Asks: 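The structure's right below; bear with me while I get my questions together.
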Amino acid sequence: MNALTNVTHAAQRQAFSVLIDSFLDHLDKTEDRTKTYLKLVDEAERFWGKNAADPEKLEAVRRAFKDPDNRWVKFINKVVDETNPHVARMTMLNLGYEAFFRGTKTIRKNREKYGCNIPWLILFDPTSACNMHCAGCWSGTYGPKNNLSFADMDKIVTQGKELGVYVYMMTGGEPLVRKADILKLAEKHNDVQFGIYSNSTLVDDDFCKEVVRLGNITFMLSIEGTPETNDARRGDGHYDAVMNAMSLFKKYGILFGTSICYTRNNIEAVTDPGFIKFIADKGARFGFFFHYMPVGNNAVPELMPTVTQRKKMIERIRWIRSNECDTGFFPMDFQNDGEAVGGCIAGGRNYFHINSSGDAEPCVFIHFSNTNIHDNSILEMLQSPLFMEYHKGQPFNKNHLRPCPMLENPKLLREMVERSGAHGTNEESEESVEHLCSKCDDYASKWGIVADEIWKSEPHQKKKYENYAPANRTGNDNLRKFEGKKENPLKDLKKHA
């Protein structure tokens with residue numbers, strides 16, 4: 001990054017900072033608040049120039065901000081009002097300006113420049129250590145075997161920013177086992193937004209005070225419905241720990257949401273409108289829902305939701321986001337919201353995962369790799385054989401209700417791992433790709449029939465921008481041309497690098 005670019009970046013950040021400060025200083029005046037929202041839309045349009053969203057969509061956003069009764073404007077206002085001012089300011093600057101505006105623009109340029117996927121966020125594991133042992137979870141069996149050093153984590157963020165990545169999430173293990181290093185990292189990189197998936201058990205007052213001081217950390221707390229459905233999988237006392245963490249975050253004005261793994265046993269509890277209202281009343285404003293994945297040799301495939309349950313899951317999540325529901329909570333379904341993001345987001349297309357050993361994995365659920373942070377740069381990781389297979393193959397299915405190359409298209413993951421020569425990275429005991437995918441074959445077949453019926457019954461709009469490989473605009477059809485071929489992964493990498 002040259003000196004002129006640095007100056008321009010600093011000037012733009014300062015301009016947005018002034019606008020945000022003015023907004024936060026006049027929260028009691030509805031008219032001023034609306035004007036600032038509209039100014040932010042104008043700034044975004046100017047920043048993007050000819051690549052801005054369709055004029056009709058921008059006008060729709062402006063109309064929404066002018067409507068005091070718009071559900072989602074009221075939702076945004078609620079989030080702003082209850083969030084600590086410094087936390088709100090840093091989130092708007094880092095998540096808004098750095099990630100959505102400037103970061104996205106930089107990432108798109110680098111995708112063309114380097115001919116590979118460049119992600120919008122990077123997920124990494126500070127540690128494999130966890131103080132819990134949830135049923136069916138691979139992570140709880142690892143033990144405190146591996147840790148990313150502070151230097152490793154600093155390298156990930158520093159090199160990621162050079163590519164335009166300004167959002168970093170942490171999982172594990174339990175990330176807060178490394179609480180001191182995480183705070184140190186957030187302080188050094190105060191221009192990025194950090195998100196932490198946590199089991200809540202290590203959250204206390206002193207930690208919350210540091211989070212407020214820094215302002216650039218948000219949280220996704222693991223919870224699975226009622227005390228009974230939650231503790232049945234996560235252990236006695238966990239539900240109470242989550243309630244305590246939620247109360248502390250609400251008290252300090254720290255932005256947080258939930259991380260919910262839905263299984264055959266808890267899916268009714270975690271989508272019950274009463275439960276959603278309850279966690280919203282506790283202060284959670286967003287939530288990620290994750291389909292149970294049968295990953296690892298200790299997985300429990302019987303926990304996978306039935307096809308009927310998954311169909312109901314789609315209906316329920318969409319209802320919560322509709323105008324028929326007035327709960328102040330925005331849910332996102334990692335598996336069923338594929339159309340919103342153009343299918344599978346893994347392999348660096350929008351995100352990828354670095355485990356506590358430093359291995360770069362396409363997805364937190366896909367434990368295979370060709371590359372490690374200790375030996376390679378972030379860019380080299382994204383150009384590694386398995387990641388390039390993802391780049392060539394995405395989207396893996398034209399039906400974005402079937403996005404995953406493991407869960408819904410297991411034949412494709414088998415092929416990509418074989419062609420790339422990737423090795424297993426499961427730290428408990430290495431799992432072969434055949435063993436993993438065989439647990440998904442029957443599910444993929446049954447869900448495919450239902451998913452195709454749903455997909456065909458609904459209208460779909462092609463997105464203005466899709467970061468698929470230029471040669472692949474027709475879905476996973478392009479993968480078929482590789483079937484039966486014994487390609488050299490390194491030769492293939494050079495061809496696409």
Side-chain angles (χ1 to χ4, degrees), residues 83-84 86-87 90-91 94-95 121-134 137 139-158 160 166-223 234-235 237-259 282-284 288 353-358 364 373 427:
T83 303
N84 175 277
H86 182 59
V87 173
M90 294 299 291
T91 301
N94 295 345
L95 188 61
L121 72 86
I122 296 175
L123 174 69
F124 63 90
D125 300 347
T127 181
S128 64
C130 186
N131 56 339
M132 296 181 63
H133 303 281
C134 304
C137 174
S139 183
T141 64
Y142 285 178
K145 297 178 183 177
N146 298 299
N147 293 280
L148 292 176
S149 67
F150 178 82
D152 291 332
M153 295 189 286
D154 183 43
K155 175 183 177 181
I156 291 168
V157 179
T158 299
Y166 279 80
V167 179
Y168 296 83
M169 292 185 175
M170 303 179 205
T171 181
E174 167 52 42
L176 295 188
V177 169
R178 299 284 304 285
K179 194 182 292 186
D181 278 337
I182 288 173
L183 293 174
K184 180 181 175 183
L185 189 70
E187 184 154 29
K188 178 174 182 179
H189 296 281
N190 67 348
D191 56 345
V192 308
Q193 190 70 19
F194 291 95
I196 298 176
Y197 289 92
S198 175
N199 64 30
S200 301
T201 58
L202 301 177
V203 175
D204 55 27
D205 280 279
D206 289 342
F207 178 65
C208 288
K209 291 173 184 176
E210 283 296 285
V211 170
V212 169
R213 180 180 69 83
L214 295 170
N216 60 337
I217 308 176
T218 191
F219 297 85
M220 288 71 70
L221 304 181
S222 298
I223 186 171
R234 295 187 171 272
H238 177 255
Y239 185 87
D240 291 338
V242 181
M243 294 301 103
N244 178 62
M246 287 183 171
S247 295
L248 286 172
F249 286 157
K250 189 173 183 178
K251 169 186 171 184
Y252 285 97
I254 296 170
L255 188 62
F256 75 95
T258 55
S259 172
K282 289 290 292 182
F288 291 98
H353 177 239
I354 300 174
N355 68 19
S356 58
S357 298
V364 69
I373 192 64
E427 296 177 15

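Nothing fancy with the numbering, it's 1 onward along the sequence. Please read all numbers here as calculations on a predicted model, not as lab measurements.
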Asks: Pick from Leu123, Ile122, Ile196, Leu121: which one makes a side-chain contact (heavy atoms from CB on, under 4.5 Å) with Tyr168?
Replies: Ile122

Asks: Is the shortest side-chain heavy-atom distance between Thr91 and Leu255 below 4.5 Å?
Replies: yes

Asks: Hey, does the side chain of Asn216 reach the backbone of His189 with a donor-acceptor pair shorter than 3.5 angstrom?
Replies: yes

Asks: Apply the side-chain contact (heavy atoms from CB on, under 4.5 Å) test between Met170 and each candidate in Thr127, Leu185, Leu176; give the one that qualifies.
Replies: Leu185

Asks: Are Asn244 and Ser247 close enough that a side-chain donor and a side-chain acceptor fall under 3.5 Å?
Replies: no

Asks: Looking at Asp154 and Lys184, is any side-chain nitrogen of the basic one under 4.0 Å from a carboxylate oxygen of the acidic one?
Replies: no

Asks: To the nearest 0.5 angstrom, please state how far the NZ atom of Lys179 sits from the CG atom of Leu202.
Replies: 5.5 Å

Asks: At their closest point, which heavy atom of Pro126 faces which heavy atom of Arg178, and how far apart are they?
Replies: O-NH1, 2.7 Å

Asks: I need the minimum non-hydrogen distance between Ser128 and Ser356, along with the two atoms involved.
Replies: CB-OG, 3.3 Å

Asks: What distance do Asn355 atom CG and Phe124 atom CZ have between them, rounded to the nearest 0.5 Å?
Replies: 12.5 Å

Asks: Working note: Asp205 + Lys251, criterion side chain to side chain contact (heavy atoms under 4.5 Å, CB included); need CA distance, chi angles, decisive distance, verdict.
Replies: CA-CA 10 Å; Asp205 280 279; Lys251 169 186 171 184; 3.2 Å; yes

Asks: Starting at CD1 of Ile217, measure out to CZ of Phe256 and round the result to the nearest 0.5 Å.
Replies: 15.5 Å

Asks: Quick one: does Ser259's side chain have a donor or acceptor within less than 3.5 Å of a partner on Met220's backbone?
Replies: no

Asks: State, to 0.1 Å, how close Val212 and Val87 come at their nearest heavy-atom pair, and which atoms those are.
Replies: CA-CG2, 4.1 Å

Asks: Begin with the C-alpha distance, continue with both residues' side-chain angles, and end with the deciding distance and a verdict on side chain to side chain contact (heavy atoms under 4.5 Å, CB included) for Val203 and Cys208.
Replies: CA-CA 7 Å; Val203 175; Cys208 288; 4.0 Å; yes

Asks: Among Phe249, Tyr252, Phe288, find the one that has a ring-ring contact (aromatic ring centres under 6.0 Å, His included) with Phe219.
Replies: Phe249

Asks: Would you sort out whether Ser357 and Asn146 count as a side-chain hydrogen bond (donor to acceptor under 3.5 Å, both in side chains), showing the intermediate values?
Replies: CA-CA 6 Å; Ser357 298; Asn146 298 299; 3.1 Å; yes

Asks: Does the pair Phe194 and Ile182 meet the rule for a side chain to side chain contact (heavy atoms under 4.5 Å, CB included), with working shown?
Replies: CA-CA 9 Å; Phe194 291 95; Ile182 288 173; over 6 Å; no

Asks: Would you call Glu210-Arg213 a salt bridge at under 4.0 Å N-O?
Replies: yes

Asks: Closest heavy-atom contact between Ser200 and Ala241?
Replies: CB-O, 3.7 Å

Asks: Could you pull out the closest heavy-atom pair between Asp125 and Leu148, with the gap in Å?
Replies: O-CD1, 3.2 Å

Asks: Restricting to non-hydrogen atoms, name the atom on Asn199 and the atom on Glu174 that form the minimum distance, rounded to 0.1 Å.
Replies: N-OE1, 2.8 Å

Asks: Sub-3.5 Å donor-acceptor pair from the side chain of Asn94 to the main-chain atoms of Asn190, do we have one?
Replies: yes

Asks: Between Lys282 and Met243, does the side chain to side chain contact (heavy atoms under 4.5 Å, CB included) criterion hold? Intermediate values first, please.
Replies: CA-CA 8 Å; Lys282 289 290 292 182; Met243 294 301 103; 4.0 Å; yes

Asks: When rounded to the nearest 0.5 angstrom, what distance separates CD1 in Ile373 from CD1 in Ile156?
Replies: 5.0 Å

Asks: So, taking the atom named NE2 in His238 and the one named CG in Asp240, what distance separates them when rounded to the nearest 0.5 Å?
Replies: 10.0 Å

